[in-house]
Visitor: 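Sharing a structure, written as structure tokens. Questions coming.
Model, not experiment: these values are computed from the prediction.
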Amino acid sequence: MRRALITCALAATAGLIVPTHAVAQPLPPAPAIPDLAQIANGLPGVVVPADLSIETLTNLLANQVANPDEIEALASLAPAIVGAAAGPSDVADDGKNDLLAQAKELLANSQLPDSVKATLNRVITFLDGSGGGGPEIPDPNTVVISQFLYPTLGQDCVGDGADSVGTALAVGGPSHLPPPGPAAGQTGFVFTALGTAPLAPTQESPLTVSWLNVSNGRTGSQPLTGEAKINPDGPATLSAIADTGSGNVVAVISGGITTQKPDAEPRSCTFLPTIGLVTVR
């Protein structure tokens with residue numbers, strides 16, 4: 001039943017203030033590494049230490065579980081995002097409004113699970129601006145990361161009959177995550193295919209991020225690659241840095257990856273679309 005659902009959906013397509021007094025003051029606590037629940041529920045962003053390694057960050061998401069029903073419902077928004085990202089910037093507002101209308105229409109479906117409805121509400125408040133502009137960064141020693149709205153699935157990515165859970169996150173610049181680091185007005189995207197072998201030298205079908213900045217009208221689409229060499233020994237991890245500009249950015253990651261174990265043939269597979277929201281300063 002789950003495999004049929006996946007096949008059907010595939011077909012459809014992230015200052016210290018020195019006291020001036022002579023009296024000793026307690027130092028503010030160092031930013032803590034958030035737990036998985038914080039990252040998963042921290043839309044539009046969770047604050048993490050600025051010196052946190054990208055490998056540590058991706059490992060925090062290693063126990064994610066994908067829900068096929070949730071993927072099927074939410075991934076139905078992906079074509080609207082991809083379409084808006086592929087269009088000219090002067091019609092970006094139309095793409096935003098179409099996406100907002102689709103999200104509201106889905107929300108009106110009383111058959112959806114409560115978890116899906118909660119996620120759709122996040123999308124709506126993000127698109128219409130009623131959710132605010134994201135958390136303030138408390139000091140220059142932190143960055144804000146935004147996990148994508150749900151983990152996705154890649155059929156047979158680990159092996160025959162063994163699917164991979166794909167997790168994605170976004171980081172607004174300036175940040176050193178992901179390497180070499182997005183500058184101000186840029187967004188870094190990272191995708192990890194849990195349980196998979198390392199990336200193969202040649203990718204048969206690209207994994208792509210398509211994005212729409214609903215604040216400034218910019219759009220774009222580009223492949224994620226292994227050039228940053230994140231988790232080079234596996235699981236397969238790809239990244240990209242996009243010139244999104246500042247504002248609220250909605251993005252979809254979809255497509256395929258090719259992995260290869262030592263002395264084995266390459267294995268290619270395709271992931272269902274996953275959607276992310278990130279506020280870029």
Side-chain angles (χ1 to χ4, degrees), residues 9-10 12-14 54-55 57-58 61 71 75 77-89 92 95 145-157 164-173 175-183 185-194 196-213 218-232 234-245 249-260 266-278 280:
L10 280 170
T13 28
I54 191 64
E55 288 80 9
L57 190 54
T58 56
L61 307 177
I71 295 172
L77 296 174
I81 300 172
V82 173
S89 59
I145 63 101
S146 299
Q147 191 188 3
F148 273 45
L149 295 178
Y150 54 91
T152 185
L153 283 172
Q155 187 173 353
D156 294 337
C157 287
S164 170
V165 173
T167 64
L169 58 88
V171 183
S175 170
H176 76 288
L177 303 175
Q186 293 183 318
T187 305
F189 297 96
V190 182
F191 183 92
T192 301
L194 301 176
T196 60
L199 282 174
T202 301
Q203 295 297 297
E204 182 177 296
S205 176
L207 189 73
T208 301
V209 57
S210 299
W211 53 268
L212 164 66
N213 188 322
R218 288 191 192 177
T219 62
S221 182
Q222 64 197 84
L224 287 86
T225 72
E227 292 179 4
K229 299 188 184 305
I230 304 169
N231 298 325
T237 303
L238 306 90
S239 64
I241 295 177
D243 292 321
T244 58
V249 177
V250 56
V252 59
I253 291 178
S254 60
I257 64 169
T258 303
T259 60
Q260 188 171 17
R267 172 176 290 274
S268 295
C269 62
T270 302
F271 278 88
L272 296 166
T274 182
I275 297 169
L277 312 174
V278 57
V280 184

Visitor: Walk me through whether T167 and F148 qualify under side-chain contact (heavy atoms from CB on, under 4.5 Å).
Guide: CA-CA 7 Å; T167 64; F148 273 45; over 6 Å; no

Visitor: Side chains of I230 and P178: does their closest heavy-atom pair fall under 4.5 Å?
Guide: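 Of all side-chain heavy-atom pairs linking P178 with I230, at least one is under 4.5 Å.
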
Visitor: Between atom OG of S254 and atom CG of L207, what is the distance when rounded to the nearest 0.5 Å?
Guide: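 Between atom OG of S254 and atom CG of L207 there are 7.0 Å.
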
Visitor: Look at the side chain of N213 and the backbone N and O of T244, then say whether any donor-acceptor pair between them is shorter than 3.5 Å.
Guide: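 Yes, N213 side chain to T244 backbone: donor-acceptor pair under 3.5 Å.
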
Visitor: Compare all side-chain heavy atoms of P179 with those of K229 and state whether any distance is below 4.5 angstrom.
Guide: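 A side-chain contact under 4.5 Å is absent here.
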
Visitor: So among T259, T225, L224, T258, which one has a side chain to side chain contact (heavy atoms under 4.5 Å, CB included) with Q203?
Guide: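 Result: among T259, T225, L224, T258, T258 is the only option passing the side chain to side chain contact (heavy atoms under 4.5 Å, CB included) with Q203.
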
Visitor: Do the side chain of T219 and the main chain of L212 share a donor and acceptor less than 3.5 angstrom apart?
Guide: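 Looks like no, no N/O pair under 3.5 Å.
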
Visitor: So, for F271 and A193, which heavy atoms are closest and what is the spacing to 0.1 Å?
Guide: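 Where F271 meets A193 most closely, the heavy atoms are CZ-CB, 3.6 Å.
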
Visitor: Please tell me if the side chains of Y150 and I275 come closer than 4.5 Å, counting only heavy atoms from C-beta onward.
Guide: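 Yes, side chains in contact.
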
Visitor: For G256, does its backbone N or O pair with a side-chain atom of T270 as donor and acceptor, under 3.5 Å?
Guide: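 Flag not set: sc T270 to bb G256 has no pair under 3.5 Å.
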
Visitor: Mind listing the closest non-hydrogen atom pair of A251 and W211 along with its distance?
Guide: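 Scanning both residues completely, I find the closest heavy atoms to be CB-CB, 4.0 Å.
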
Visitor: Nearest heavy-atom pair of T196 and C157: which atoms, and what distance?
Guide: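 For T196 and C157, the tightest heavy-atom pair comes out as CG2-O, 4.0 Å.
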
Visitor: State, with a plain yes or no, whether a side-chain heavy atom of P180 is found less than 4.5 Å away from one of I241.
Guide: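 Heavy-atom side-chain distance check passes, below 4.5 Å.
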
Visitor: Does atom CD (E55) have a neighbourhood of more than 12 heavy atoms from anything else shown, all under 6.0 Å?
Guide: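 Yes, because the 6.0 Å sphere around CD of E55 holds more than 12 heavy atoms from other groups.
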
Visitor: What is the minimum heavy-atom distance between A168 and Q147, and which atoms define it?
Guide: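 Closest approach of A168 to Q147, heavy atoms only: O-CG, 3.4 Å.
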
Visitor: To check you understand the geometry: which heavy-atom pair defines the closest contact between P151 and V165, and what is its length?
Guide: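 Heavy atoms of P151 and V165 come nearest at CB-CG1, 3.7 Å.
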
Visitor: For the atom pair OG (S221) and CD1 (I81), what is the distance rounded to the nearest 0.5 Å?
Guide: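 One gets 12.0 Å once the value is rounded to the nearest 0.5 Å.
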
Visitor: Please report the shortest heavy-atom distance between I257 and A236, naming the atom on each side.
Guide: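 Closest approach of I257 to A236, heavy atoms only: CD1-CB, 4.2 Å.
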
Visitor: Test side-chain contact (heavy atoms from CB on, under 4.5 Å) on T152 and F191; report intermediate values, then the result.
Guide: CA-CA 10 Å; T152 185; F191 183 92; 3.9 Å; yes

Visitor: Is there a donor-acceptor pair under 3.5 Å between the side chain of T237 and the backbone N or O of P235?
Guide: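 It does hold such a pair.
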
Visitor: Determine the sole option in T187, V252, I253 for which the side chain to side chain contact (heavy atoms under 4.5 Å, CB included) test with V209 is passed.
Guide: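 It is I253, the one option of T187, V252, I253 that forms the side chain to side chain contact (heavy atoms under 4.5 Å, CB included) with V209.
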
